[in-house]
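Notes to accompany the following structure.
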Number of protein chains: 2
Amino acid sequence: MSLTCAEILTSALAILDEFGLADLSMRRIATALGVQPGALYWHFDNKQSLLAALAGEVLGTLPEPGDLRGGGIAIWAGELRDRLLAHRDGAELVSAVLAMRLLDPSPVDILANALMRAGLPPTDAGAGSALVVHFVLGHSLDRQGYAQSAQLGAAGPPGPDPDEAFAYAVALLEVGLRTAFGDQGSLRQ
Amino acid sequence: MSLTCAEILTSALAILDEFGLADLSMRRIATALGVQPGALYWHFDNKQSLLAALAGEVLGTLPEPGDLRGGGIAIWAGELRDRLLAHRDGAELVSAVLAMRLLDPSPVDILANALMRAGLPPTDAGAGSALVVHFVLGHSLDRQGYAQSAQLGAAGPPGPDPDEAFAYAVALLEVGLRTAFGDQGSLRQ
DNA sequence: ACCTGAACACCGTTCAAGT
DNA sequence: ACCTGAACACCGTTCAAGT
């Protein structure tokens, strides 16, 4: 039985969880599968597209955000954060793939479309969505970066509870978005 | 005259601007300076600390945010964005260094301290500051990632004006922050 | 003090050749 | 169709030895 893309991704995810993104090399994946490095290039064009597929695996199919005028944003943002934090360096991986524009559909698109369907004009929906997703990514990146530097010894004081800070920040975003919904145009000069 | 840290950083910044972060290797910096790769390790412990110093160079000394109840956040966020965009892959560099916690003082700390001095409780100031800085980083990362993929040919449609989207998002943040200032505690459940 | 020379242990990627 | 073997052009880092 020959190698499949799914097997490669499973192996890659295991290496990611155990050793982190910096140690996730094509050669290491190949070794874990008992195969030559070149074999991977039959199934993926290059490392970038393998990482893109892996990011898709980490994110899964995100839910459609609902109740956007109520607490729907907080729930959706929390779900996104949980998925990013579920794997070592998940936020870094998704950020990198997102920056390369290889994630389809991107979380930004999903939320932006939902906001548009809820009545926000396209530019506002795009900006609001970017705001939410970039914060969640930055927040998760920060947490996982902290975990990494804490493991390395040189970590500062623990600081405030990150879950609390997350909830507060999302609440602040919801206030802004409610204004956008309630009084369209009031945020533009 | 012997090599100085400043010369190394100047050379590194030139390589960053011309070839990007992916091509910024210790060996390439050394070659540009007409020196052996090992020579750099007399001046910097490792690549990470060189990148940290380079990120400091890119950011410079950020201004103290002022008029936090008015448009001060927008001005400060715009300044941060401009500095990130002033060098190729500036946002990616700063994000990476920030995630490693090697940036002192970090932009998050600067804004958080200003928000505290303006009257916000520590947790709220930290969360609000993280919100602003993570958005600016994500936004800039996105713009520079788009520029990169556009140069590579495979770019989607141009989309809405990024400056407009930035202004809208920051305005939304200011609405939320004004609520935090005006009616403290109203964002917490 | 500051740098060279040379090595060590890695990378991603390609591609003829095998099966 | 799918993989091996072997190479190419790179990395970051270390460290004796030179000056």
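Everything quoted here is computed from the prediction, not taken from an experiment. By convention in this document, chain letters (A, B, ...) are assigned in the order of the sequence lines, proteins followed by strands, and residues within each chain are numbered from 1.
Checking dT4(C), dG12(C), dC3(D) against the side-chain heavy atoms of K47(A) singles out dG12(C) as nearest. Comparing dC3(D), dT4(C), dT13(D) by their nearest atom to the side chain of V35(B) picks out dT4(C).
In this entry the distance linking CE of M26(A) with P of dC8(D) reads 21 Å, nearest Å. Between L40(B) atom CG and dC15(D) atom P there is a gap of 17 Å when expressed in whole angstrom units. If you take CG of D45(A) and C1' of dT13(C), they are 12 Å apart, rounded to a whole angstrom. Rounded to whole Å, the distance from OH on Y41(B) to P on dC15(D) is 13 Å. Atom CZ of F44(A) is separated from atom C1' of dG12(C) by 16 Å (rounded to the nearest Å). Put simply, CD on Q48(B) is 15 Å from C1' on dC11(D), counting in whole angstrom units. Spacing between atom CD of Q36(B) and atom P of dA17(D) amounts to 18 Å, rounded to whole angstrom units. One can place CG of L50(A) at 15 Å from C1' of dC11(C), the figure rounded to the nearest angstrom.
With no hydrogens or angles considered, a side-chain donor-acceptor pair links D124(A) and Y168(B) at under 3.5 Å.
Helical stems in DNA chain C, defined as runs of 3 or more consecutive Watson-Crick or G-U wobble pairs with donor-acceptor distances under 3.5 Å: C:4-8 with D:12-16, C:12-16 with D:4-8.
dC10(C) and dA9(D) have their P atoms separated by 22 Å, with the value rounded to a whole Å.
DNA chain C is contacted by both P37(A) and R27(B); R27(B) maps to the nucleotide lying nearer its 5′ end (nearest heavy atom per residue).
Taking 4.0 angstrom as the limit, W42(B) places a side-chain polar atom (N or O) nearer than this to OP1 or OP2 of dC2(C). OP1 or OP2 of dC3(D) lies within a sub-4.0 Å distance of a side-chain N or O belonging to H43(A).
The existence of a salt bridge linking R28(B) and E18(B) is excluded, since no basic side-chain nitrogen approaches an acidic carboxylate oxygen closer than 4.0 Å. Comment: R83(A) does not engage E57(A) in a salt bridge, judged by the lack of any side-chain N to carboxylate O separation of less than 4.0 angstrom.
In this structure, D67(B) and W76(B) have side chains that are not in contact, with every pair of non-hydrogen atoms separated by 4.5 Å or more. Counting heavy atoms from C-beta outward, R143(A) and D163(A) have side chains that approach closer than 4.5 Å. Here the side chains of V97(B) and L54(B) are not in contact, with every heavy-atom distance at 4.5 Å or above.
Cation-pi contact between R81(B) and F166(B): present, with separation from the ring centre below 6.0 Å and deviation from the ring axis of at most 45°.
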